[in-house]
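Counting starts at 1 for both ligands and their atoms, following the listed order.
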Amino acid sequence: MTRSKRSFEPLEPNKVKMYACGPTVYGDPHIGNFRSFISADLLRRWLEYRGYDVTMIMNVTDIDDKTIRDSAKAGEPIKEFTQRYTRSFLRGLDALNILRATANPRATEYIPQMITFIQALIDKGAAYFAEDGVYFDIDKYPGYGRLSGMDLTQTQATKRMTKDEYDKESAQDFALWKKSTPEELKRSKSEPGLAWDSPWGKGRPGWHIECSVMTRDLLGETLDIHAGGEDLVFPHHTNEIAQSETITGKQFVRYWVHIRHLMINGKKMSKSLGNYISFDEVLAKYSADAFRYFYLGTHYRRPLDYTDDAMKSAEGSSKRLENTLDLLEAAPKAPDTNLDLSPGERKLLDEVERHRAAFETALDDDLDSHTALDSLHAMSGAINEYLAKSPNKGVTLKAYRIYRELLDTLGLFEKRGSSTNKLTEDLIRTLIDLRNQYRREKNYKSADDVRNRLTALGVTLADNAEGTTWKIEKK
Ligand SMILES: [Zn+2]
């Protein structure tokens with residue numbers, strides 16, 4: 001909002017209420033989406049490292065112009081369509097080691113609250129009913145457009161915008177509630193999750209109202225941090241502010257964090273340019289840690305270009321960091337009982353502490369992950385050199401703990417050394433598919449048998465709206 005770095009002070013001491021705009025689930029996630037998810041994940045991890053108790057919400061938009069349009073194109077009921085892509089989004093989060101949010105609310109779970117919110121805006125005189133829906137009157141919110149630094153004298157005040165997404169040049173009254181089209185009404189007879197009854201006729205919410213309602217319900221009237229991709233500044237976040245502040249009369253967000261777009265070979269990624277790269281394509285070629293490293297290697301507000309060279313370089317750099325972790329894990333360690341450190345041992349501990357301090361300073365400064373990684377490489381080099389001599393077990397343990405802790409704040413190499421690898425995951429997934437096939441065939445005995453045998457191995461299954469998920473219980 002101020003276009004400057006500010007000291008972070010949450011509303012309540014030590015507590016952070018954070019919201020990040022999640023995906024619109026109308027296709028498989030692409031690698032551009034994940035720049036903003038990884039950055040939000042890093043922010044959350046760093047705040048937790050600094051001792052904050054973070055509540056983080058990331059929504060899922062499962063009703064809007066695009067989900068309606070593309071589910072029709074796919075000839076699939078909207079609910080199944082969006083659930084499929086919600087699963088695909090969650091799989092992407094897990095693959096990249098992004099911590100799950102405290103909650104991932106779906107827009108369609110909040111329709112009654114949205115209707116109440118819209119009615120309150122009408123009661124305040126900030127919204128009005130038109131023939132095709134309910135609109136927010138942007139003239140009624142002083143300061144409209146401040147977040148995006150726009151010049152309101154250029155707007156066409158008399159017009160209304162029906163679409164969810166549009167440019168600054170077409171800033172107009174925006175839709176809060178859209179009456180269903182005849183086609184949508186027809187589809188809604190057989191498709192739940194497409195149209196709802198409201199005081200303004202059968203319809204569905206506009207995109208922007210979704211976040212205003214879910215943030216208020218789950219986090220309260222004022223958020224500490226609201227994050228999202230830079231493309232959301234206008235109209236989405238601009239409209240969220242207008243709606244929320246009109247209702248509460250309070251500041252909606254204390255700190256905005258916007259993440260720069262990912263480019264592909266110097267161009268903006270888009271389906272029409274044919275340079276669209278899917279998440280699975282990247283993971284087929286590079287490790288998830290290399291991919292995470294690639295995003296973290298550049299500060300979130302700086303330009304980042306996806307190229308094969310950049311990915312190869314990220315793979316090499318992350319391997320170097322991982323190699324040090326391998327060496328530390330293999331080295332004999334013991335609690336330090338010897339207080340008489342040799343000059344070499346003292347030197348290593350001093351260096352580790354110095355690099356940790358630099359790492360912390362970098363991330364404290366607006367999440368400078370690029371510089372933080374430099375400190376980690378410096379630490380890695382010092383540790384490698386030390387381990388090549390005859391290391392002291394206690395000193396090695398100290399260095400290991402610090403190194404591992406810093407890697408954890410970046411979410412790197414977390415899946416190592418666990419009992420899971422790609423083949424294990426595929427085998428578990430195959431058994432789950434088999435069990436679900438038995439269930440569809442109503443062969444519940446065999447289905448239960450598969451489940452029980454997995455449970456006996458420590459793999460527990462959970463059935464939910466997105467299908468069956470699993471986890472390995474730690475013994
Ligand atoms: Zn949003």
Side-chain angles (χ1 to χ4, degrees), residues 1 17-27 29 32-41 43-44 55-68 82 85-86 89-90 93 98 101-111 113-114 117-118 121 136 138 141 144-148 161 163-168 171 174-178 204-248 251-261 300:
M1 185 70 88
K17 291 191 276 184
M18 177 172 170
Y19 186 87
C21 286
T24 300
V25 282
Y26 72 112
N33 303 134
F34 280 89
R35 186 173 191 196
S36 107
F37 303 152
I38 291 253
S39 303
D41 183 53
L43 178 53
R44 178 249 185 107
T55 305
M56 179 177 163
I57 306 295
M58 184 183 273
N59 69 305
V60 171
T61 297
D62 58 353
I63 180 78
D64 81 322
D65 295 349
K66 292 188 285 193
T67 49
I68 293 177
T82 54
Y85 288 121
T86 303
F89 154 67
L90 295 173
L93 293 186
I98 295 172
T102 313
N104 289 121
R106 275 63 160 174
T108 53
E109 297 166 343
Y110 285 82
I111 304 291
Q113 292 92 323
M114 291 182 202
F117 199 106
I118 295 168
L121 286 171
F136 187 93
I138 61 172
Y141 176 71
Y144 182 83
R146 211 183 118 211
L147 182 69
S148 57
M161 175 48 72
K163 292 200 285 263
D164 282 332
E165 289 183 78
Y166 48 90
D167 302 327
K168 267 198 222 175
F174 60 90
L176 298 166
W177 186 261
K178 302 184 181 198
R204 43 111 178 173
W207 172 36
H208 317 295
I209 194 71
E210 299 178 2
C211 289
S212 278
V213 169
M214 289 186 276
T215 52
R216 190 180 186 209
D217 203 73
L218 291 161
L219 295 171
E221 294 179 333
T222 297
L223 317 181
D224 292 303
I225 297 172
H226 193 319
E230 62 176 346
D231 52 320
L232 298 180
V233 172
F234 187 88
H236 188 53
H237 291 162
T238 297
N239 292 350
E240 282 185 33
I241 296 170
Q243 295 161 158
S244 294
E245 297 197 351
T246 298
I247 288 294
T248 66
Q251 185 182 27
F252 173 45
V253 170
R254 292 166 65 79
Y255 304 91
W256 287 94
V257 176
H258 287 110
I259 296 110
R260 191 96 175 243
H261 263 313
Y300 74 91

Check the pair Met1 / Val253 against side chain to side chain contact (heavy atoms under 4.5 Å, CB included), numbers first and verdict last.
CA-CA 9 Å; Met1 185 70 88; Val253 170; over 6 Å; no
Below 2.8 Å, can you find an N, O or S atom of His208 next to the Zn ion (ligand 1)?
no
Should the ring pair Phe174 and His208 be called parallel, tilted or perpendicular, given that the plane angle runs from 0 to 90° and is split at 30 and 60?
perpendicular
Parallel under 30°, tilted from 30 to 60°, perpendicular over 60°: which one fits the rings of His258 and Trp256?
parallel
Applying salt bridge (charged side-chain N to carboxylate O under 4.0 Å, His left out) as the test, list every pair that has at least one member in residues 224-235; sequence neighbours left out.
Asp224-Arg254
The Zn ion (ligand 1) -> Glu240, closest N, O or S atom is OE2
To check your reading of the site, what angle at the Zn ion (ligand 1) do SG of Cys211 and SG of Cys21 form, to 10°?
130°
